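Below you'll find the structure, written out as structure tokens, and then a few comments.
Just so we're clear, the structure is a prediction, and the values are computed from it rather than from any experiment. The first residue in the sequence is number 1, and the count goes up from there.
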Amino acid sequence: MFDQIELFEIDNPCIGVCLSNKKGYCFGCLRNRQERQLWLKMNNEEKREVLRLIVGRQKRLDQMRSRQREQIELDFDETFEVGSLFD
């Protein structure tokens, strides 16, 4: 199998928002602690894998936020007659 030639270096996904959640995932770049610490030592294949994982994490985060927005909308869409709550 042929190795793909990299014409450009793979950029670090850090966006300068270096805060982590309880599980160690960065709020800015969505990498875990190990991925952040080892980035400079990784080869391009490993970096591409981390970038692929980040895309999946972002999709799951977007889905979770969407579900939360839908739930909030449902909570506020329901209207009750004050009298009907106590009948």
Side-chain angles (χ1 to χ4, degrees):
M1 182 167 232
F2 298 102
D3 289 334
Q4 182 175 345
I5 298 172
E6 291 293 330
L7 299 176
F8 303 100
E9 186 173 328
I10 297 175
D11 289 333
N12 189 325
C14 179
I15 61 169
V17 179
C18 300
L19 296 170
S20 298
N21 67 11
K22 289 186 256 182
K23 294 184 178 182
Y25 289 92
C26 178
F27 287 109
C29 65
L30 301 178
R31 291 180 293 170
N32 64 31
R33 284 185 187 103
Q34 185 178 12
E35 292 164 348
R36 291 191 313 271
Q37 292 170 348
L38 298 177
W39 182 262
L40 295 176
K41 296 177 183 179
M42 290 181 184
N43 62 38
N44 285 335
E45 186 175 329
E46 293 167 328
K47 289 178 180 180
R48 277 193 296 277
E49 176 62 15
V50 170
L51 294 176
R52 187 189 67 74
L53 292 170
I54 289 171
V55 169
R57 292 170 187 155
Q58 185 63 56
K59 285 181 183 178
R60 285 191 301 280
L61 189 59
D62 292 342
Q63 290 171 349
M64 181 187 69
R65 287 178 178 156
S66 176
R67 284 193 302 271
Q68 286 176 338
R69 279 192 301 274
E70 289 171 6
Q71 184 60 48
I72 289 170
E73 290 171 5
L74 288 174
D75 291 345
F76 286 102
D77 281 346
E78 294 183 33
T79 56
F80 297 99
E81 294 291 326
V82 173
S84 67
L85 290 175
F86 301 102
D87 290 336

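Taking CD of E35 as the reference point, atom CZ of R33 lies at 12.0 Å (rounded to 0.5 Å). For the atom pair CG of N44 and CG of L51, the computed distance is 10.0 Å after rounding to the nearest 0.5 Å. The CG atom of N32 sits 5.5 Å away from atom CZ of R57, with the distance rounded to the nearest 0.5 Å. Interatomic distance, CZ of R65 versus CD of E70, reported as 14.5 Å (0.5 Å rounding). Rounded to the nearest 0.5 Å, atoms CG (L53) and CD (Q58) are 13.5 Å apart. Note that CZ of R67 and CD of Q63 are 6.0 Å apart. Values are rounded to the nearest 0.5 Å.
In terms of heavy-atom proximity, M42 sits nearest to K47 at O-CE, 3.4 Å. C29 and P13 make their closest contact through CB-O, 3.5 Å (heavy atoms, listed as atom of the first residue, atom of the second, distance). For the residue pair C26 and C18, the shortest heavy atom distance occurs at SG-CA, 4.2 Å. Residues C14 and R31 approach most closely at CB-NH2, 3.7 Å, considering heavy atoms.
Considering only heavy atoms from C-beta on, R60 stays 4.5 Å or farther from L30 through its side chain. Put simply, the side chain of Q71 does not reach to within 4.5 Å of the side chain of Q68, judged on heavy atoms.
V50 and I15 are not part of a single hydrophobic cluster, where members link through side-chain heavy atoms under 4.5 Å apart. Taken together through direct or relayed side-chain contacts under 4.5 Å among Ile, Leu, Val, Met, Phe, Trp and Tyr, L19 and I54 form parts of separate hydrophobic clusters. The hydrophobic cluster containing V55 does not contain L61, counting ILVMFWY residues as joined when their side-chain heavy atoms lie under 4.5 angstrom apart, directly or transitively. Grouping the Ile, Leu, Val, Met, Phe, Trp and Tyr side chains by contacts below 4.5 angstrom, directly or via other members, places Y25 apart from F27.
Using a distance-only test at 3.5 Å, with no hydrogens or angles considered, a donor-acceptor pair links the side chain of E46 to the main chain of N43.
Here R52 pairs with E49 in a salt bridge; the nearest charged N to carboxylate O distance falls below 4.0 Å.
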